[in-house]
Amino acid sequence: MPQKITPQVLRGMRDFLPERMILRRYVMDQLRSIFERFGFEPLETPAIEYAETLEGKFGEEGDKLLYRFEDRGGRRVALRYDLTVPLARLVAMHGELVRPWKRYHMAPVWRAEKPQKGRYREFWQCDVDTVGTESMLADAEAVNVVYVALRQLGFDRFVVKINNRKILAALARYAGVPAQGAAGVYRAIDRLEKVGREAVVAELEGEGLSPDIVSRLLDLLSETGNDAATLQRSRERLVADVEGQRGVTELEQLLSYLDAAGVPVEYRRIDLSMVRGMDYYTGPIFETAVEEPKIGSVSGGGRYDKLVGLFSKEDIPATGVSFGLERMIDVIEELAMRPANVRRTVAEALVTVFNPTLVGESIRLSSELRSAEINVEMYLGEERLGNQIRYAVRKGIPLAVIVGPDELARNEVVLRDLSAESQRSIPRTELASALREALSRP
RNA sequence: GUGAGCGUAGCCGAGUGGUUUAAGGCGCCAGGUUGUGGCCCUGGAGAUCGAGGGUUCGAAUCCCUCCGUUCACCCCA
């Protein structure tokens with residue numbers, strides 16, 4: 001025998017066993033159907049891109065987290081870090097796409113981070129993006145999709161925070177910070193909610209801002225009251241800043257569209273201190289955090305009007321949001337939001353094998369039920385009935401079918417409901433419909 | 001990337017240098033019970049104590065390195 005290989009998975013990466021896989025598939029099925037209901041089209045792109053395609057798009061931190069290597073042909077390549085940059089690359093390559101173009105993409109991405117709760121090195125994003133329009137209708141739709149999807153999945157305590165990079169940039173100018181130094185200011189104000197005003201004051205003054213400016217900046221950021229008032233105050237403060245004014249106007253439009261779409265105000269909020277890390281955002285930005293468990297954001301996104309232009313002669317505006325699949329799953333599991341009809345296993349019934357002479361009968365029965373589109377597992381062995389029933393119970397198969405000599409003689413079968421611990425004999429010809437009824441299936 | 005905690009059978013977990021040839025519980029296997037699971041009884045299998053190295057007469061227990069995991073920071077889905 002050769003040396004045994006220690007079985008292990010890479011740090012931050014996981015296997016998904018069937019029970020969890022069924023939950024993941026349920027969540028993705030829900031998202032897919034909602035995305036398609038909005039008219040987003042399916043798309044897939046390669047997991048690996050040229051490194052230069054991805055480099056420099058995610059901010060200083062992001063770049064360090066890229067999985068980079070050299071392929072057999074000596075090409076510098078990288079695993080995709082998100083689904084947005086590959087989309088921009090694709091759009092630049094496919095001028096034939098009819099715009100505005102809407103697509104969804106559910107796929108794994110990789111980031112070489114230090115893993116912790118809700119943070120993995122390989123995780124799935126479920127993105128919807130709209131390419132080719134500057135209209136706030138697209139941004140409003142993105143927020144609407146977040147609202148509809150999370151509600152559909154049973155989320156309740158969440159708020160989509162909305163801000164605008166244009167306003168953020170205007171605030172930085174207002175504070176007298178050169179464009180290059182803006183990142184530090186963003187970082188500080190993003191921490192407002194987390195560390196409190198005093199810590200942010202210290203950090204901003206550490207950046208070299210005058211106490212007077214810092215104080216005015218924070219007054220503006222700490223705006224409470226309704227969204228319209230927040231925007232109105234911003235407009236007044238940033239009166240001399242054309243881009244800032246435009247940012248305010250964008251959010252005003254966005255809010256009016258959200259009203260029309262019926263996204264309730266309690267599920268969305270203008271938050272001028274919300275920043276987001278990606279370098280490529282140019283307009284409205286979104287982030288959705290759940291109040292519990294403490295897991296960070298389950299969704300994030302924004303407008304990126306200059307990203308396609310990095311790959312192409314012309315700038316093509318785009319906006320969209322991303323859902324973090326494993327974070328949604330983590331919430332669903334922790335809050336016991338898994339619906340009862342999402343079973344632990346796929347088999348709907350176990351056809352037992354009574355004894356060696358009746359094996360053929362069980363095989364025929366299984367085939368019949370499969371033809372009737374019922375997920376049937378036949379017991380693969382000839383153990384005593386008790387063990388077969390036990391097997392079904394342990395796996396979470398809801399029903400068992402038993403054919404013994406008595407039933408065979410009467411052309412009947414026993415249908416046992418494993419959770420109710422009840423059973424009845426029924427004519428064999430009625431088995432499929434009886435199963436469907438027991439499973440509450442049409 | 002920085003700092004801290006943890007790592008004992010499939011799972012939970014006792015044990016912190018010497019009757020440990022490593023408790024206990026869940027789970028698993030067999031039988032009691034050869035037409036039916038969840039309860040009960042009896043018996044059984046399963047652990048290089050995360051990996052490697054070191055200290056010691058003696059290491060699951062102390063030290064070092066690595067791997068994994070959790071938490072915080074950072075950042076984010």
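Computation of the quantities below employed the complete heavy-atom set of this structure, encompassing side-chain atoms and omitting hydrogens, waters and symmetry-equivalent molecules. Each chain gets a letter, A, B and so on, in the order its sequence line appears, and its residues count up from 1.
Nucleic acid contact for A:Gly62: none, since no nucleic acid atom lies under 4.0 Å from a heavy atom of the residue. Nucleic acid contact class of A:Thr352 (heavy atoms, under 4.0 Å, all strands): none. Across all strands shown, A:Tyr391 has no heavy atoms under 4.0 Å from either base or sugar-phosphate atoms. Across all strands, A:Gly301 comes closer than 4.0 Å to no nucleic acid atom at all (heavy-atom distances). At a threshold of 4.0 angstrom between heavy atoms, the contacts of A:Lys117 are confined to the sugar-phosphate backbone, with no base atom among them. Within the nucleic acid shown, A:Leu325 has no heavy atom closer than 4.0 Å to any nucleic acid atom. As judged by a 4.0 angstrom heavy-atom cut-off over every strand, A:Met328 is placed among residues making no nucleic acid contact.
Smallest separation of non-hydrogen atoms from A:Ala78 and A:Arg68: CB-CG, 3.9 Å.
Taking CD1 of A:Ile316 as the reference point, atom NZ of A:Lys306 lies at 12.0 Å (rounded to 0.5 Å).
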Would you list the protein and nucleotides 27-31 of chain B atom pairs, both N or O, that sit under 3.5 Å from each other?
{"residue": "B:C28", "atom": "OP1", "partner": "A:Arg390", "partner atom": "NH2", "Å": "2.8"}
{"residue": "B:C28", "atom": "OP1", "partner": "A:Arg394", "partner atom": "NE", "Å": "3.4"}
{"residue": "B:C28", "atom": "OP2", "partner": "A:Arg390", "partner atom": "NH2", "Å": "2.9"}

Under 3.5 Å between N/O atoms: give me all the protein pairs with nucleotides 2-11 of chain B, atom names plus distance.
{"residue": "B:U2", "atom": "O4", "partner": "A:Lys114", "partner atom": "NZ", "Å": "3.1"}
{"residue": "B:G3", "atom": "O6", "partner": "A:Lys114", "partner atom": "NZ", "Å": "3.4"}

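In this structure, A:Gln388 places its CD atom 12 Å from P of B:U36, rounding to the nearest Å. A:Asn355 places its CG atom 9 Å from the P atom of B:G35, with the value rounded to the nearest Å. Between A:Tyr120 atom OH and B:U70 atom P there is a gap of 7 Å when expressed in whole angstrom units. A:Asp330 has its CG atom 14 Å from the C1' atom of B:U70, to the nearest Å. The distance between atom CD of A:Gln423 and atom P of B:U36, rounded to the nearest whole Å, is 10 Å. Taking atom CD of residue A:Gln8 and atom P of nucleotide B:C67, one finds them 11 Å apart after rounding to whole Å. The distance from atom CG of A:Asp417 to atom C1' of B:U36 is 14 Å, rounded to the nearest whole Å. Distance CG (A:Leu385) to P (B:U36): 7 Å, rounded to an integer number of Å.
A cation-pi arrangement, defined by a distance under 6.0 Å to the six-membered ring centre and an angle within 45 degrees of its axis, is present between A:Arg111 and A:Tyr81. For A:Lys57 and A:Tyr280, the positive end is not near the middle of the six-membered ring at less than 6.0 Å and at most 45° from its axis. Judged by the 6.0 Å and 45° rule, A:Arg24 forms a cation-pi pair with A:Phe16.
Comparing B:U69, B:C71, B:G35 by their closest approach to the side chain of A:Arg11 singles out B:U69. Nearest to the side-chain atoms of A:Arg416 among the listed nucleotides B:G37, B:C73, B:C67 stands B:G37. Out of B:U36, B:G1, B:G35, the shortest distance to the side chain of A:Ile389 is found at B:U36.
If A:Asp406 and A:Met13 are placed on RNA chain B by their nearest nucleotide, the residue sitting closer to the 5' end is A:Asp406.
Residue-to-nucleotide contacts include no donor-acceptor pair under 3.5 Å from the side chain of A:Arg111 to the base of B:C75.
Pair assignment for B:C6: B:G68, on the basis of Watson-Crick or G-U wobble contacts that are both within less than 3.5 Å. Pairing for B:A45 is absent, judged as Watson-Crick or G-U wobble with the two contacts each under 3.5 Å.
Between A:Pro115 and the choices A:Met13, A:Arg121, A:Arg14, the side chain to side chain contact (heavy atoms under 4.5 Å, CB included) rule is met once, by A:Arg121.
Looking at A:Tyr379 and A:Asn387, their side chains never bring a donor and an acceptor atom within 3.5 Å of each other. There is a side-chain donor-acceptor pair under 3.5 Å between A:Asp139 and A:Thr319.
Within the 4.0 Å cut-off from OP1 or OP2 of B:U69, not a single side-chain nitrogen or oxygen of A:Gln116 is found.
Remark: A:Arg436 engages no residue in a side-chain hydrogen bond (donor to acceptor under 3.5 Å, both in side chains) (not counting sequence neighbours).
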*Steps toward side-chain contact (heavy atoms from CB on, under 4.5 Å) verdict (A:Tyr391, A:Glu383)*: CA-CA 11 Å; A:Tyr391 169 83; A:Glu383 288 185 52; over 6 Å; no

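Few gaps surround CD on A:Glu333; more than 12 heavy atoms of other groups in view lie less than 6.0 Å from it.
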